[in-house]
Amino acid sequence: MSEFELIARHFAGHDAAQGVVLGVGDDAAVLSVPAGQELVVATDTIVAGTHFPEVTPPDAIGWRALAVNLSDLAAMAAEPHWALLALTLPEADDDWLTAFARGFFTLAVAHDVALIGGDTTRGPLAVTVTLHGTVPAGRAIRRAGAAAGDRIFVTGTLGDAAAGLAVLQGRLVAPEAHAAHLRERFLRPQPRNALAGVLRAHVSAAIDISDGLLADLGHVLAASGVGARLAVDRLPLSEALLAACGQAVAREFALGGGDDYELCVVVPAARAAAFEAAAGEAGVAVTDIGMIESAPGLRCVDARGEEIVPPRRGYDHFGDSP
Ligand code: ADP
Ligand code: MG
(Lines give C-alpha, C1' and ligand atoms only; values in the text may rest on other atoms or scores of the structure.)
(Ligands and ions follow the chains in the order given, each with its own letter.)
Protein backbone atom coordinates (compact mmCIF):
# COMPACT_ATOMS: atom_id res chain seq x y z
CA MET A 1 0.00 0.00 0.00
CA SER A 2 1.53 3.33 -1.03
CA GLU A 3 1.31 6.40 1.17
CA PHE A 4 -1.36 7.83 -1.14
CA GLU A 5 -3.43 4.63 -1.10
CA LEU A 6 -3.18 4.59 2.67
CA ILE A 7 -4.45 8.17 2.96
CA ALA A 8 -7.21 7.61 0.39
CA ARG A 9 -8.37 4.38 2.04
CA HIS A 10 -8.30 5.45 5.67
CA PHE A 11 -8.25 9.21 6.04
CA ALA A 12 -9.79 10.94 3.03
CA GLY A 13 -13.49 11.76 2.73
CA HIS A 14 -13.99 13.03 6.27
CA ASP A 15 -13.32 16.67 5.47
CA ALA A 16 -16.74 18.03 4.58
CA ALA A 17 -17.72 20.56 7.22
CA GLN A 18 -18.66 24.14 7.68
CA GLY A 19 -15.75 26.46 6.91
CA VAL A 20 -13.73 23.92 4.89
CA VAL A 21 -12.95 25.58 1.55
CA LEU A 22 -10.42 22.87 0.61
CA GLY A 23 -9.74 19.65 2.51
CA VAL A 24 -7.51 16.57 2.04
CA GLY A 25 -5.65 16.16 -1.26
CA ASP A 26 -3.96 19.46 -2.03
CA ASP A 27 -0.75 20.91 -0.62
CA ALA A 28 -2.65 22.51 2.26
CA ALA A 29 -6.19 22.96 3.51
CA VAL A 30 -8.08 26.24 3.20
CA LEU A 31 -10.43 27.30 5.99
CA SER A 32 -12.87 30.11 6.40
CA VAL A 33 -13.21 31.58 9.90
CA PRO A 34 -16.60 33.28 10.43
CA ALA A 35 -16.55 37.02 11.10
CA GLY A 36 -16.51 37.83 14.81
CA GLN A 37 -14.79 34.56 15.72
CA GLU A 38 -11.19 33.89 16.73
CA LEU A 39 -9.25 30.78 15.72
CA VAL A 40 -8.15 28.61 18.68
CA VAL A 41 -5.45 26.02 17.93
CA ALA A 42 -3.88 23.22 19.97
CA THR A 43 -1.57 20.33 19.16
CA ASP A 44 -0.56 17.28 21.17
CA THR A 45 1.60 14.29 20.33
CA ILE A 46 1.18 10.86 21.85
CA VAL A 47 4.11 8.45 21.62
CA ALA A 48 3.91 4.68 22.05
CA GLY A 49 5.55 3.60 25.30
CA THR A 50 5.53 7.16 26.67
CA HIS A 51 1.90 8.30 26.56
CA PHE A 52 0.26 4.93 26.19
CA PRO A 53 1.49 1.38 26.83
CA GLU A 54 2.44 -0.72 23.81
CA VAL A 55 -0.57 -2.99 24.51
CA THR A 56 -3.06 -0.16 23.82
CA PRO A 57 -5.61 -1.23 21.16
CA PRO A 58 -5.30 0.85 17.94
CA ASP A 59 -8.87 2.18 18.12
CA ALA A 60 -8.10 3.59 21.57
CA ILE A 61 -4.91 5.23 20.20
CA GLY A 62 -7.00 6.95 17.50
CA TRP A 63 -9.62 8.04 20.03
CA ARG A 64 -7.07 9.28 22.54
CA ALA A 65 -5.00 11.26 20.01
CA LEU A 66 -8.07 13.36 19.21
CA ALA A 67 -9.50 13.38 22.76
CA VAL A 68 -6.45 15.05 24.30
CA ASN A 69 -6.74 17.90 21.79
CA LEU A 70 -10.52 18.21 22.14
CA SER A 71 -9.90 18.57 25.87
CA ASP A 72 -7.49 21.47 25.30
CA LEU A 73 -10.12 23.29 23.24
CA ALA A 74 -12.79 22.49 25.86
CA ALA A 75 -10.60 24.16 28.49
CA MET A 76 -10.43 27.29 26.30
CA ALA A 77 -14.24 27.25 25.91
CA ALA A 78 -13.76 26.96 22.12
CA GLU A 79 -15.84 24.94 19.64
CA PRO A 80 -13.71 22.32 17.80
CA HIS A 81 -13.99 22.10 13.98
CA TRP A 82 -10.92 21.05 11.97
CA ALA A 83 -8.19 18.49 12.69
CA LEU A 84 -4.81 17.70 11.12
CA LEU A 85 -3.38 14.24 11.71
CA ALA A 86 0.38 13.58 11.54
CA LEU A 87 0.93 9.84 11.75
CA THR A 88 4.28 8.13 12.16
CA LEU A 89 3.91 4.38 11.68
CA PRO A 90 6.41 1.51 11.84
CA GLU A 91 4.47 -0.23 9.02
CA ALA A 92 1.29 0.17 6.96
CA ASP A 93 -0.83 -2.53 8.61
CA ASP A 94 -4.32 -2.35 7.13
CA ASP A 95 -6.12 -3.91 10.13
CA TRP A 96 -4.30 -1.60 12.51
CA LEU A 97 -5.16 1.46 10.40
CA THR A 98 -8.81 0.42 10.10
CA ALA A 99 -9.13 0.14 13.88
CA PHE A 100 -7.18 3.37 14.47
CA ALA A 101 -9.39 5.27 12.02
CA ARG A 102 -12.55 3.81 13.62
CA GLY A 103 -11.49 5.15 17.05
CA PHE A 104 -10.48 8.52 15.64
CA PHE A 105 -13.61 9.09 13.54
CA THR A 106 -16.04 7.81 16.17
CA LEU A 107 -14.95 10.68 18.40
CA ALA A 108 -14.55 13.13 15.50
CA VAL A 109 -18.14 12.55 14.33
CA ALA A 110 -19.46 12.92 17.88
CA HIS A 111 -17.85 16.36 18.08
CA ASP A 112 -18.47 17.49 14.50
CA VAL A 113 -14.74 17.57 13.74
CA ALA A 114 -13.56 17.27 10.11
CA LEU A 115 -10.15 15.78 9.22
CA ILE A 116 -8.77 18.35 6.78
CA GLY A 117 -5.24 17.03 6.26
CA GLY A 118 -2.14 15.63 7.83
CA ASP A 119 1.11 13.87 7.16
CA THR A 120 2.09 10.21 7.00
CA THR A 121 5.62 9.03 7.69
CA ARG A 122 7.45 5.83 8.65
CA GLY A 123 9.08 5.44 12.06
CA PRO A 124 8.33 4.50 15.69
CA LEU A 125 4.60 4.87 16.39
CA ALA A 126 3.64 8.45 17.25
CA VAL A 127 0.47 10.40 16.57
CA THR A 128 0.18 14.18 16.46
CA VAL A 129 -3.19 15.85 16.12
CA THR A 130 -3.55 19.59 15.57
CA LEU A 131 -7.05 20.78 16.30
CA HIS A 132 -8.54 24.09 15.20
CA GLY A 133 -11.63 25.60 16.75
CA THR A 134 -13.38 28.90 17.10
CA VAL A 135 -14.56 31.11 19.90
CA PRO A 136 -16.45 34.40 19.80
CA ALA A 137 -13.76 37.10 19.66
CA GLY A 138 -12.31 37.86 23.08
CA ARG A 139 -14.24 35.09 24.87
CA ALA A 140 -11.63 32.32 25.17
CA ILE A 141 -11.15 31.27 28.80
CA ARG A 142 -7.55 31.35 30.03
CA ARG A 143 -5.55 29.98 32.94
CA ALA A 144 -5.17 33.53 34.20
CA GLY A 145 -8.36 35.07 35.59
CA ALA A 146 -8.90 33.38 38.98
CA ALA A 147 -9.50 35.82 41.85
CA ALA A 148 -9.62 35.41 45.65
CA GLY A 149 -13.04 34.17 46.76
CA ASP A 150 -13.77 32.30 43.50
CA ARG A 151 -14.90 28.66 43.83
CA ILE A 152 -12.94 25.79 42.26
CA PHE A 153 -14.93 23.10 40.44
CA VAL A 154 -13.95 19.90 38.66
CA THR A 155 -16.01 17.87 36.19
CA GLY A 156 -16.73 14.15 36.49
CA THR A 157 -14.55 12.02 38.76
CA LEU A 158 -10.78 12.17 39.22
CA GLY A 159 -8.05 9.56 39.45
CA ASP A 160 -9.75 6.90 37.33
CA ALA A 161 -7.44 7.16 34.32
CA ALA A 162 -4.23 6.94 36.36
CA ALA A 163 -5.64 3.89 38.14
CA GLY A 164 -6.71 2.51 34.74
CA LEU A 165 -3.17 2.86 33.43
CA ALA A 166 -1.91 1.05 36.54
CA VAL A 167 -4.43 -1.74 35.80
CA LEU A 168 -3.29 -1.94 32.15
CA GLN A 169 0.32 -2.20 33.26
CA GLY A 170 -0.46 -4.85 35.87
CA ARG A 171 0.50 -2.59 38.78
CA LEU A 172 -3.01 -2.48 40.24
CA VAL A 173 -5.31 -5.47 40.53
CA ALA A 174 -9.08 -5.01 40.88
CA PRO A 175 -12.26 -7.04 40.36
CA GLU A 176 -12.93 -7.14 36.59
CA ALA A 177 -16.02 -4.89 36.54
CA HIS A 178 -14.09 -2.10 38.28
CA ALA A 179 -10.87 -2.81 36.37
CA ALA A 180 -12.78 -2.52 33.07
CA HIS A 181 -14.27 0.85 34.07
CA LEU A 182 -10.86 2.24 35.07
CA ARG A 183 -9.11 0.94 31.92
CA GLU A 184 -11.82 2.49 29.76
CA ARG A 185 -11.33 5.86 31.47
CA PHE A 186 -7.65 5.77 30.46
CA LEU A 187 -8.18 4.41 26.95
CA ARG A 188 -11.20 6.48 25.91
CA PRO A 189 -11.32 9.74 27.87
CA GLN A 190 -14.50 11.79 27.33
CA PRO A 191 -13.47 15.38 26.71
CA ARG A 192 -15.85 17.96 28.20
CA ASN A 193 -16.56 20.05 25.10
CA ALA A 194 -20.27 20.03 25.97
CA LEU A 195 -19.41 22.70 28.55
CA ALA A 196 -17.81 25.25 26.20
CA GLY A 197 -20.81 27.58 26.24
CA VAL A 198 -21.28 27.16 29.99
CA LEU A 199 -17.64 28.07 30.55
CA ARG A 200 -17.94 31.22 28.43
CA ALA A 201 -21.00 32.26 30.44
CA HIS A 202 -19.77 31.63 33.99
CA VAL A 203 -16.09 30.83 34.38
CA SER A 204 -13.11 33.08 35.19
CA ALA A 205 -10.28 30.59 34.52
CA ALA A 206 -9.98 27.00 33.31
CA ILE A 207 -7.56 24.18 32.54
CA ASP A 208 -7.95 20.54 31.55
CA ILE A 209 -6.54 17.91 33.87
CA SER A 210 -3.89 16.03 31.93
CA ASP A 211 -1.03 15.89 34.45
CA GLY A 212 -3.04 15.62 37.69
CA LEU A 213 -5.18 18.05 39.69
CA LEU A 214 -2.37 19.41 41.91
CA ALA A 215 -0.11 20.07 38.92
CA ASP A 216 -2.78 21.53 36.65
CA LEU A 217 -4.54 23.64 39.29
CA GLY A 218 -1.03 24.83 40.15
CA HIS A 219 -0.73 26.22 36.59
CA VAL A 220 -3.97 28.18 37.05
CA LEU A 221 -2.78 29.59 40.37
CA ALA A 222 0.59 30.59 38.92
CA ALA A 223 -0.97 32.21 35.84
CA SER A 224 -3.54 34.04 38.00
CA GLY A 225 -1.12 35.06 40.78
CA VAL A 226 -3.28 33.55 43.54
CA GLY A 227 -3.40 30.52 45.89
CA ALA A 228 -6.09 28.01 46.82
CA ARG A 229 -7.61 25.91 49.59
CA LEU A 230 -8.65 22.44 48.48
CA ALA A 231 -11.08 20.24 50.46
CA VAL A 232 -9.62 16.78 49.93
CA ASP A 233 -12.73 15.06 51.33
CA ARG A 234 -14.83 16.62 48.56
CA LEU A 235 -12.81 15.18 45.65
CA PRO A 236 -15.23 13.33 43.35
CA LEU A 237 -14.16 9.65 43.34
CA SER A 238 -15.78 6.89 41.31
CA GLU A 239 -17.17 3.76 42.92
CA ALA A 240 -14.75 1.73 40.81
CA LEU A 241 -11.72 3.70 42.04
CA LEU A 242 -12.81 3.45 45.69
CA ALA A 243 -13.48 -0.28 45.35
CA ALA A 244 -10.18 -0.88 43.56
CA CYS A 245 -7.87 0.89 45.99
CA GLY A 246 -9.70 2.33 49.03
CA GLN A 247 -10.25 5.96 49.99
CA ALA A 248 -6.70 6.98 50.93
CA VAL A 249 -5.05 5.76 47.72
CA ALA A 250 -8.05 6.87 45.64
CA ARG A 251 -7.49 10.43 46.88
CA GLU A 252 -3.84 10.20 45.95
CA PHE A 253 -4.77 9.14 42.43
CA ALA A 254 -7.31 11.98 42.27
CA LEU A 255 -4.75 14.60 43.37
CA GLY A 256 -1.70 13.37 41.51
CA GLY A 257 -2.82 11.07 38.72
CA GLY A 258 -2.97 12.36 35.16
CA ASP A 259 -4.85 11.45 31.98
CA ASP A 260 -8.43 12.08 33.21
CA TYR A 261 -9.05 14.98 30.79
CA GLU A 262 -11.67 16.41 33.11
CA LEU A 263 -11.82 20.19 33.49
CA CYS A 264 -10.80 22.24 36.52
CA VAL A 265 -12.59 25.60 36.41
CA VAL A 266 -12.72 28.65 38.62
CA VAL A 267 -16.07 30.37 39.07
CA PRO A 268 -16.87 33.68 40.82
CA ALA A 269 -18.79 32.74 44.01
CA ALA A 270 -21.87 34.70 42.90
CA ARG A 271 -22.10 32.56 39.75
CA ALA A 272 -21.39 29.18 41.36
CA ALA A 273 -25.03 28.06 41.64
CA ALA A 274 -25.84 29.15 38.08
CA PHE A 275 -22.71 27.41 36.80
CA GLU A 276 -23.60 24.18 38.58
CA ALA A 277 -27.14 24.24 37.18
CA ALA A 278 -26.00 25.01 33.62
CA ALA A 279 -23.37 22.25 33.72
CA GLY A 280 -26.03 19.82 34.92
CA GLU A 281 -28.29 20.85 32.04
CA ALA A 282 -25.39 20.19 29.66
CA GLY A 283 -25.14 16.69 31.13
CA VAL A 284 -21.89 17.11 33.07
CA ALA A 285 -21.64 16.62 36.83
CA VAL A 286 -19.44 19.20 38.56
CA THR A 287 -18.13 19.29 42.13
CA ASP A 288 -17.06 22.28 44.22
CA ILE A 289 -13.71 21.27 45.73
CA GLY A 290 -12.38 24.50 47.15
CA MET A 291 -11.73 28.21 46.99
CA ILE A 292 -9.22 30.62 45.52
CA GLU A 293 -7.28 32.65 48.13
CA SER A 294 -4.98 35.62 47.71
CA ALA A 295 -2.05 33.98 49.56
CA PRO A 296 0.03 32.05 47.00
CA GLY A 297 0.36 28.27 47.31
CA LEU A 298 -2.00 25.32 47.36
CA ARG A 299 -3.32 24.27 50.78
CA CYS A 300 -5.07 20.92 51.16
CA VAL A 301 -7.48 20.61 54.10
CA ASP A 302 -9.32 17.61 55.56
CA ALA A 303 -13.01 17.36 56.55
CA ARG A 304 -12.37 19.36 59.75
CA GLY A 305 -10.68 22.13 57.79
CA GLU A 306 -7.23 21.25 59.12
CA GLU A 307 -4.31 21.55 56.77
CA ILE A 308 -2.77 18.29 55.60
CA VAL A 309 0.30 17.57 53.50
CA PRO A 310 -0.94 16.66 50.02
CA PRO A 311 -0.37 12.94 49.48
CA ARG A 312 2.21 11.89 46.95
CA ARG A 313 1.22 10.84 43.45
CA GLY A 314 -0.96 7.76 43.73
CA TYR A 315 0.84 5.66 41.21
CA ASP A 316 4.12 5.98 43.13
CA HIS A 317 2.57 3.33 45.38
CA PHE A 318 2.83 0.88 42.57
CA GLY A 319 6.32 1.80 41.35
CA ASP A 320 7.25 3.27 38.00
CA SER A 321 7.25 0.01 36.09
CA PRO A 322 5.50 -3.36 36.40
P1 ADP B 1 2.97 16.83 0.72
O2 ADP B 1 3.90 15.95 -0.01
O3 ADP B 1 2.60 18.09 0.04
O4 ADP B 1 3.36 16.99 2.16
P5 ADP B 1 1.35 14.64 1.43
O6 ADP B 1 1.65 13.57 0.44
O7 ADP B 1 1.98 14.58 2.76
O8 ADP B 1 1.58 16.03 0.74
O9 ADP B 1 -0.22 14.70 1.63
C10 ADP B 1 -1.12 14.72 0.57
C11 ADP B 1 -2.47 15.13 1.07
O12 ADP B 1 -2.94 14.16 2.00
C13 ADP B 1 -2.45 16.47 1.82
O14 ADP B 1 -3.66 17.12 1.56
C15 ADP B 1 -2.36 16.05 3.27
O16 ADP B 1 -2.94 17.01 4.13
C17 ADP B 1 -3.16 14.75 3.26
N18 ADP B 1 -2.70 13.80 4.30
C19 ADP B 1 -1.49 13.21 4.41
N20 ADP B 1 -1.46 12.35 5.48
C21 ADP B 1 -2.69 12.42 6.03
C22 ADP B 1 -3.29 11.80 7.16
N23 ADP B 1 -2.64 10.93 7.94
N24 ADP B 1 -4.59 12.12 7.45
C25 ADP B 1 -5.26 12.99 6.67
N26 ADP B 1 -4.76 13.60 5.60
C27 ADP B 1 -3.49 13.33 5.28
MG1 MG C 1 3.30 15.99 3.75
Side-chain angles (χ1 to χ4, degrees), residues 1-34 37-74 76 78-134 186-191 193 210 259 261:
M1 181 167 40
S2 78
E3 182 190 326
F4 302 105
E5 284 166 354
L6 184 161
I7 295 164
R9 176 141 16 143
H10 295 286
F11 300 112
H14 301 269
D15 52 1
Q18 209 168 350
V20 180
V21 178
L22 190 59
V24 170
D26 215 303
D27 293 315
V30 180
L31 305 168
S32 168
V33 180
Q37 302 273 312
E38 285 170 341
L39 192 59
V40 181
V41 189
T43 194
D44 248 317
T45 298
I46 60 174
V47 176
T50 302
H51 299 99
F52 55 91
E54 311 276 353
V55 298
T56 306
D59 64 310
I61 297 172
W63 175 289
R64 224 163 168 284
L66 181 57
V68 299
N69 284 282
L70 280 166
S71 183
D72 280 325
L73 260 58
M76 301 302 292
E79 310 291 341
H81 303 303
W82 310 299
L84 293 167
L85 170 63
L87 254 186
T88 303
L89 300 170
E91 57 186 338
D93 176 330
D94 209 50
D95 291 340
W96 191 96
L97 282 160
T98 300
F100 174 89
R102 186 174 61 240
F104 183 93
F105 288 117
T106 300
L107 189 61
V109 166
H111 289 270
D112 255 330
V113 167
L115 182 62
I116 51 139
D119 197 24
T120 308
T121 53
R122 190 184 287 268
L125 178 60
V127 187
T128 299
V129 170
T130 303
L131 186 59
H132 305 70
T134 55
F186 174 80
L187 292 173
R188 270 169 283 268
Q190 302 285 343
N193 301 79
S210 54
D259 293 312
Y261 297 99

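First listed ligand is number 1; within each ligand, the first listed atom is number 1.
Separation of atoms CG (L87) and OG1 (T120) is listed at 5.5 Å; rounding is to 0.5 Å.
Close contacts of ligand 1 with E3, meaning ligand atoms under 4.0 Å from a residue heavy atom, involve 6 (O), 7 (O). Annotation for ligand 1: atoms under 4.0 Å from non-hydrogen atoms of F4 are 6 (O). Proximity to D119 (heavy-atom distance under 4.0 Å) selects the following atoms of ligand 1: 7 (O), 19 (C), 20 (N), 21 (C), 23 (N). Each of the following atoms of ligand 1 lies closer than 4.0 Å to a heavy atom of F11: 23 (N), 24 (N), 25 (C). Atom numbering of ligand 1 starts at 1 in the shown order; those under 4.0 Å from a heavy atom of D27 are 3 (O).
Ligand 1 has an N or O atom lying under 3.5 Å from an N or O atom of G25, backbone or side chain. Looking at ligand 1, you'll find an N or O of G118 within less than 3.5 Å of one of its N or O atoms.
Each of L125, I46, I61 was evaluated against T56; a single residue qualifies, I61, per the side chain to side chain contact (heavy atoms under 4.5 Å, CB included) test. Of the residues listed (T128, V129, D72, V127), the one engaging D44 in a side chain to side chain contact (heavy atoms under 4.5 Å, CB included) is D72, and it is the only one.
For atom 22 (C) of ligand 1, the nearest non-hydrogen atom from the set L84, L89, L85, V24 belongs to L85.
Side-chain contact between P90 and W96 is absent, with no heavy-atom pair separated by less than 4.5 Å.
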**OP:** Using the side chain to side chain donor-acceptor pair (under 3.5 Å) rule, take H10 and D94 through it: C-alpha gap first, then chi angles, then the decisive distance, then the call.
**Re:** CA-CA 9 Å; H10 295 286; D94 209 50; 2.8 Å; yes
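Note: F11 and F105 have tilted aromatic rings, judged against thresholds of 30 and 60 degrees for the angle between ring planes.
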